[in-house]
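Report on the following structure.
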2 protein chains.
Amino acid sequence: MTNENLELKKAGLKVTLPRVKILNILESSDTRHMSAEDVYKSLLESGDDVGLATVYRVLTQFESAGLVLRHNFEGGHAVFELNNDDHHDHMVCTETGEVIEFCDPVIEKRQKEIAAEHGYEIVDHSLILYVKPKKS
Amino acid sequence: MTNENLELKKAGLKVTLPRVKILNILESSDTRHMSAEDVYKSLLESGDDVGLATVYRVLTQFESAGLVLRHNFEGGHAVFELNNDDHHDHMVCTETGEVIEFCDPVIEKRQKEIAAEHGYEIVDHSLILYVKPKKS
DNA sequence: CTAATTGCAAAAGCTTTGCAGCGCA
DNA sequence: TGCGCTGCAAAGCTTTTGCAATTAG
């Protein structure tokens with residue numbers, strides 16, 4: 001049994017064609033961050049006839065199962081990426097749209113401390129830097 | 001001339017009733033962070049007949065003018081707050097919806113450094129901590 | 001007076017949902 | 001076979017836009 005199928009089973013999801021195909025696209029795409037529309041178009045290009053509604057449903061199920069992460073960058077639509085369990089934040093280039101991942105222990109630590117100072121603990125967090133190439 | 005009117009003039013916007021009223025609501029509301037819908041409902045409650053479309057248009061103009069800031073917290077709708085020129089980030093309580101503002105120099109500094117390490121400079125950033133009350 | 005602004009309704013864009021039919025276990 | 005899944009179309013939500021009427025300067 002393939003790796004994808006195992007992941008689906010573990011998530012308690014039936015191994016269906018649309019789910020396997022969507023998982024494949026997320027795994028093989030060279031852009032790690034895709035919108036539902038991106039995934040949908042990618043399916044169409046591969047000649048696979050999957051409805052957009054199904055793409056949304058499957059991505060939402062994957063998110064609940066912890067297989068993918070959903071981000072709300074600016075621009076009105078959500079983007080999804082495979083969850084590799086290596087937490088990171090994002091830097092989005094405002095000129096090229098390029099997305100760079102990073103993780104900074106100093107920031108992570110301060111976040112926890114700040115929440116604690118206010119009597120809270122962190123459930124989740126979202127840090128996005130909107131950047132542009134530096135003139136050197 | 002009132003303070004609000006001056007702010008509008010400075011922003012190059014005609015001093016119209018809807019604009020003054022919306023600015024007033026933002027200034028006098030006890031919840032600093034309001035959605036367009038919140039502002040709209042608040043207007044209706046005051047007996048002011050302003051269209052929702054106008055609320056959106058005015059808030060967008062205010063944002064362009066630097067009078068307000070727009071944030072995309074989770075939940076599918078944007079929230080607006082008056083821009084006091086004191087930069088801060090946000091902590092949103094997932095249980096009560098309460099919004100707490102904070103600013104941490106250590107994090108701010110690291111953000112700039114990280115962007116620079118990748119050859120970028122920061123245009124804008126968004127840091128939101130989703131938190132819950134800590135069991136003590 | 002004239003250009004900017006508004007209100008209404010319609011449209012747009014992303015996402016979700018109802019339902020009948022299809023497919024995996 | 002049976003329940004879950006899919007596709008389609010329709011609806012939902014927030015936000016934007018076209019246009020005629022109104023208003024500020």
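- Here D:dT14 presents its C1' atom at 18 Å from NE2 of B:His71, a figure rounded to the nearest Å.
- Listed candidates were C:dT6, D:dC8, D:dG4. Nearest to the side chain of A:Arg19 is D:dG4.
- Rounded to whole Å, the distance from CG on A:Asp49 to C1' on D:dT6 is 11 Å.
- OP1 and OP2 of C:dT16 both lie 4.0 Å or more from every side-chain N or O belonging to A:Tyr56.
- Of the residues near DNA chain D, B:Gly76 and B:Thr16, the one whose nearest nucleotide (by heavy atom distance) lies more toward the 5' end is B:Gly76.
- As judged by a 4.0 angstrom heavy-atom cut-off over every strand, A:Arg57 is placed among the base-contacting residues.
- Under a 4.0 Å N-O distance rule, the pair B:Glu113/B:Arg110 qualifies as a salt bridge.
- Atom pair A:Leu17:CG and D:dT6:P shows a separation of 9 Å (rounding to whole Å applied).
- When each of B:His77 and A:Gln61 is assigned the nucleotide of DNA chain D with its nearest heavy atom, A:Gln61 is the one assigned upstream, toward the 5' end.
- If you check D:dT6, C:dT15, D:dT16 against the side chain of A:Pro18, the one that comes closest is D:dT6.
- Taking atom CG of A:Leu52 as the reference point, atom P of C:dC14 lies 10 Å away to the nearest angstrom.
- Summarising the geometry, atom CD1 belonging to A:Ile100 is positioned 13.0 Å from atom CG belonging to A:Asp89; distances are rounded to the nearest 0.5 Å.
- In this structure, NZ of B:Lys21 is placed 14 Å from C1' of C:dG7, rounded to the nearest angstrom.
- Using a cutoff of 4.0 Å between basic side-chain nitrogens and carboxylate oxygens, A:Glu121 and B:Lys134 are not scored as salt-bridged.
- Mapped onto DNA chain C by nearest heavy atom, B:Leu13 and B:Ala53 fall at different nucleotides, with B:Leu13 at the one closer to the 5' end.
- Rounded to whole Å, atom P of D:dC5 lies 15 Å from atom CG of A:Leu59.
- Atom pair B:Asn72:CG and C:dC14:C1' shows a separation of 14 Å (rounding to whole Å applied).
- A side chain to side chain contact (heavy atoms under 4.5 Å, CB included) with A:Met34 is found for one member of A:Val79, A:Val68, A:Ile25 and no other, namely A:Ile25.
- A salt bridge links B:Arg32 and B:Glu81; the closest N-O separation between the charged side-chain nitrogens and carboxylate oxygens is under 4.0 Å.
- Distance CG (B:Leu8) to P (C:dA4): 17 Å, rounded to an integer number of Å.
- Side-chain proximity of B:Lys14 to the nucleotides C:dA25, D:dG18, D:dG25 is greatest for D:dG25.
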